[in-house]
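Taking it in order: structure first as structure tokens, then the write-up.
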Amino acid sequence: MTGNAETDGVLPLQVAEEDAQKAEQLKDEANKLFAGKKFDEAIEKYTQAIVRNPNVAAYYANRAFAYIKMELYGAALRDADSSIALDPTYVKGYYRRAVGNMAMNKLKEAIKDFRSVVKVAPKDTDARNKLAVCEKELKRREFEKAITFDEKKRSAVEMIGDVDAIVVEPTYQGPHLPESGVTLEFAKDLLAHMKDQKKLHRKYLFKILLQAKAIFEAQPPIVDITIPADGKITVCGDIHGQFYDLLHVFDLNGLPSPTNLYLWNGDFVDRGSFSIECILTLFTFKCLYPNAVYLSRGNHETDDMNKVYGFEGECKAKYSDATFKLFSEIFNAIPLGNLIQEKILVAHGGLFSRDDVTMDELRKLDRFKQPGSEGLMCELLWSDPQPEPGRSPSKRGVGIQFGPDVTEKFLKNNNLDLIIRSHEVKQEGYVSDHGGKCITIFSAPNYCDSVGNKGAYIHITPDRKLKFNQFTAVPHPPVRAMQYAGPLGGMM
């Protein structure tokens, strides 16, 4: 064998018969792993098959499918492109690329490829349905853009109006927010109320949201946290609308208090169908203990993700469109990161496409907006670590991948000890990379009711010692994940 198509760019390459046979064997092994939902292991086997024989379009298309299952859409698109380059008539290559573009909200590109698939395979119901959904969604967005072009944008606060004038009906059976604001008793009553799948009255919801909004807006982009001498802070990763697992964390670790601090590191909403309950819980305790409860914004605290993966739909189903718009404005105000004891940076995603980024620069970021698809704010929310030195294009298609040397240089330049980030499912709930300098924490066990992973959280004491704690998923009411997903999310 003379080379690798992924790096050489010369097709086709000469492949020995022995390598071709071994590649087929590896592909069959990968297919079995895929069927068993062991997608990361399947990717490794497909990769080995490609190394043996880089001339087979199906290997790339199959690996693209596994990447899609792991939501690594950037990598899926690159594999789909390779598959099509090898065989422009291979329909699955176009289908994988269409699905990847659909997941990344690139609707025009998705429509083009779905049309190619349907033209060759007119009886492919799945492709026809996805094409119809993409075309309908694109028309809806273009219509919305057209009718709002000259319309003055109203804030959510203007849309909601006078909250104090909202009447609480006598038939309402839930907790009543005291005039003085959130109390511990109210917070406990709210958790019990929501555990029974009951809603907080919209008047009290709006009052809590507006108070949380004011608190976040007064905070800087990077918040400094000092752990009290007699306390600890618990750092949690993604919870993704898994409210009953969030309650389980409280059962295991206690409710927030001035000595039992919490930091939730983004992706509070989407996918899980109890996102309102999750985010309302966090905001309630933020209002109760503003100096003991901290949040970092995640890539799912953004409009584009919320429209696809369920939070917008959940807001509209349980409350109103104005409710979602208010959440959107609050998400724009949530800090981008937190610095614990001056030494531990906690942010949702990861590091940057250049080496000279300083904490001072991060402290000056304008965060009151959507993060976009490039720049420091985007990378802080989207990037992932990699074992190899240097940087690579993101497998997600947004942000970058950064190696141990990048981490080491950033920490040294900014006089930091380590980075704690989230953003990735880990089978054990956490993983330590880059020589222990880059830690991933994930707190949504059995993610989307299907992955089977553990959740985890980290205790940090004033002397900056870390203790990892794992937990498993608990039962929840029979409401499926992605129940409220938008048309695109529902198709994936």
- Item | Full working for side-chain hydrogen bond (donor to acceptor under 3.5 Å, both in side chains) between Thr461 and Asp463 | CA-CA 5 Å; Thr461 48; Asp463 56 1; 2.5 Å; yes
Taking [X] first and then [Y], would you say they form a salt bridge - that is, a charged N and a carboxylate O separated by under 4.0 Å?
{"X": "Glu217", "Y": "Lys213", "result": "yes"}
{"X": "Glu137", "Y": "Arg141", "result": "yes"}
{"X": "Arg96", "Y": "Asp79", "result": "no"}
{"X": "Glu312", "Y": "Lys316", "result": "yes"}
{"X": "Glu424", "Y": "Lys395", "result": "no"}

Beyond-backbone contact of [X] with [Y], side-chain heavy atoms, under 4.5 angstrom:
{"X": "Tyr46", "Y": "Tyr67", "value": "no"}
{"X": "Leu376", "Y": "Leu336", "value": "no"}
{"X": "Glu314", "Y": "Val269", "value": "no"}
{"X": "Leu184", "Y": "Leu288", "value": "yes"}
{"X": "Arg140", "Y": "Pro487", "value": "no"}
{"X": "Leu200", "Y": "Pro175", "value": "yes"}
{"X": "Ser328", "Y": "Gln370", "value": "yes"}
{"X": "Leu411", "Y": "Asp417", "value": "no"}

- Task: Might you work through the side chain to side chain contact (heavy atoms under 4.5 Å, CB included) test for Lys188 and Leu255, ending with a clear yes or no?
- Result: CA-CA 9 Å; Lys188 290 179 177 179; Leu255 292 174; 3.8 Å; yes
- Residue pair Asp355, Arg391: steps toward the salt bridge (Lys or Arg N to Asp or Glu O under 4.0 Å) verdict: CA-CA 11 Å; Asp355 282 334; Arg391 295 176 173 86; 2.6 Å; yes
- Query: Out of Ile166, Val163, Leu210, Thr323, which residue meets the side-chain contact (heavy atoms from CB on, under 4.5 Å) rule with Leu205?
  - Reply: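 Only one option passes, and that is Thr323.
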Is the [X] ring parallel, tilted or perpendicular to the [Y] ring (thresholds 30°, 60°)?
{"X": "His240", "Y": "Phe442", "result": "tilted"}
{"X": "Phe65", "Y": "Phe34", "result": "tilted"}
{"X": "Phe402", "Y": "His434", "result": "perpendicular"}

- Query: Considering all heavy atoms of both residues, which atom of Gly337 and which atom of Ser296 are nearest to each other, and what is their separation?
  - Reply: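 Minimum heavy-atom contact is CA-OG, 4.0 Å.
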- Query: Closest heavy-atom contact between Gly455 and Pro445?
  - Reply: N-CB, 3.5 Å
- Task: Test side-chain hydrogen bond (donor to acceptor under 3.5 Å, both in side chains) on Thr284 and Thr281 and set out the steps.
- Result: CA-CA 5 Å; Thr284 297; Thr281 296; over 6 Å; no
Greater than 12 external heavy atoms within 6.0 Å of [X]'s [atom1]:
{"X": "Glu342", "atom1": "CD", "result": "no"}
{"X": "Gln427", "atom1": "CD", "result": "yes"}
{"X": "Lys195", "atom1": "NZ", "result": "no"}

- Begin with the C-alpha distance, continue with both residues' side-chain angles, and end with the deciding distance and a verdict on ring pair (Phe, Tyr, Trp, His ring centres under 6.0 Å) for Phe268 and Phe283. CA-CA 11 Å; Phe268 324 115; Phe283 286 177; 7.4 Å; no
Mind checking whether [X] and [Y] have ring centres under 6.0 Å apart?
{"X": "Tyr319", "Y": "Phe327", "result": "no"}
{"X": "Phe285", "Y": "Tyr262", "result": "no"}
{"X": "Trp382", "Y": "His423", "result": "yes"}

Separation between [atom1] of [X] and [atom2] of [Y], rounded to the nearest 0.5 Å:
{"X": "Glu71", "Y": "Phe39", "atom1": "CD", "atom2": "CZ", "result": "10.5 Å"}
{"X": "Trp264", "Y": "Ile279", "atom1": "CH2", "atom2": "CD1", "result": "10.0 Å"}
{"X": "Glu277", "Y": "Gln197", "atom1": "CD", "atom2": "CD", "result": "8.0 Å"}
{"X": "Ser432", "Y": "Lys426", "atom1": "OG", "atom2": "NZ", "result": "11.0 Å"}

- Task: Determine, stepwise, if the pair Asp405 / Lys409 fulfils salt bridge (Lys or Arg N to Asp or Glu O under 4.0 Å).
- Result: CA-CA 6 Å; Asp405 55 327; Lys409 188 173 291 187; over 6 Å; no
- Message: Set out, in order, the CA-CA distance, both residues' side-chain angles and the distance that settles side-chain hydrogen bond (donor to acceptor under 3.5 Å, both in side chains) for Glu379 and Ser353, then state yes or no.
- Response: CA-CA 8 Å; Glu379 291 168 354; Ser353 52; 2.7 Å; yes
- Item | Counterpart residues, salt bridge (Lys or Arg N to Asp or Glu O under 4.0 Å), relative to Arg396 (two or more places apart) | Asp384
- Task: Quick one: do Asp164 and Lys207 satisfy salt bridge (Lys or Arg N to Asp or Glu O under 4.0 Å)? Show the steps, please.
- Result: CA-CA 9 Å; Asp164 288 326; Lys207 279 183 170 288; 2.7 Å; yes
- Message: Before you tell me yes or no, could you show the steps for Lys343 and Asn415 under side-chain hydrogen bond (donor to acceptor under 3.5 Å, both in side chains), namely the whole-Å CA-CA distance, both residues' side-chain angles and the distance that decides it to 0.1 Å?
- Response: CA-CA 7 Å; Lys343 291 292 186 179; Asn415 194 28; 3.0 Å; yes
Between [X] (side chain) and [Y] (backbone), is there a donor-acceptor pair under 3.5 Å?
{"X": "Thr440", "Y": "Ser422", "answer": "no"}
{"X": "Gln219", "Y": "Pro335", "answer": "no"}
{"X": "Arg421", "Y": "Gly349", "answer": "yes"}

- Query: Could you walk me through whether Leu466 and Ile439 pass the side chain to side chain contact (heavy atoms under 4.5 Å, CB included) check?
  - Reply: CA-CA 11 Å; Leu466 278 60; Ile439 292 168; 3.6 Å; yes
- Query: Distance only, no hydrogens: is a donor on one side chain within 3.5 Å (strictly under) of an acceptor on the other, for Thr259 and Asp230?
  - Reply: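 Absent: no donor and acceptor within the cut-off.
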- Between Leu362 and Phe352, does a side chain to side chain contact (heavy atoms under 4.5 Å, CB included) hold up when you go through it step by step? CA-CA 11 Å; Leu362 298 180; Phe352 312 101; 3.7 Å; yes
- Message: Quick one, Val398 with Leu381, criterion side chain to side chain contact (heavy atoms under 4.5 Å, CB included). Give me CA distance, side-chain angles, the key distance, then yes/no.
- Response: CA-CA 10 Å; Val398 187; Leu381 270 58; over 6 Å; no
- Item | Test salt bridge (Lys or Arg N to Asp or Glu O under 4.0 Å) applied to Lys325 and Glu158, step by step | CA-CA 11 Å; Lys325 286 182 167 59; Glu158 291 174 317; over 6 Å; no
- Message: On the six-membered ring of Tyr294, is Lys286 placed so that its NZ or CZ lies under 6.0 angstrom from the centre and within 45° of the ring axis?
- Response: yes
- Item | Positive for side-chain hydrogen bond (donor to acceptor under 3.5 Å, both in side chains) with Asp449, one of Arg480, His476, Arg271 | His476
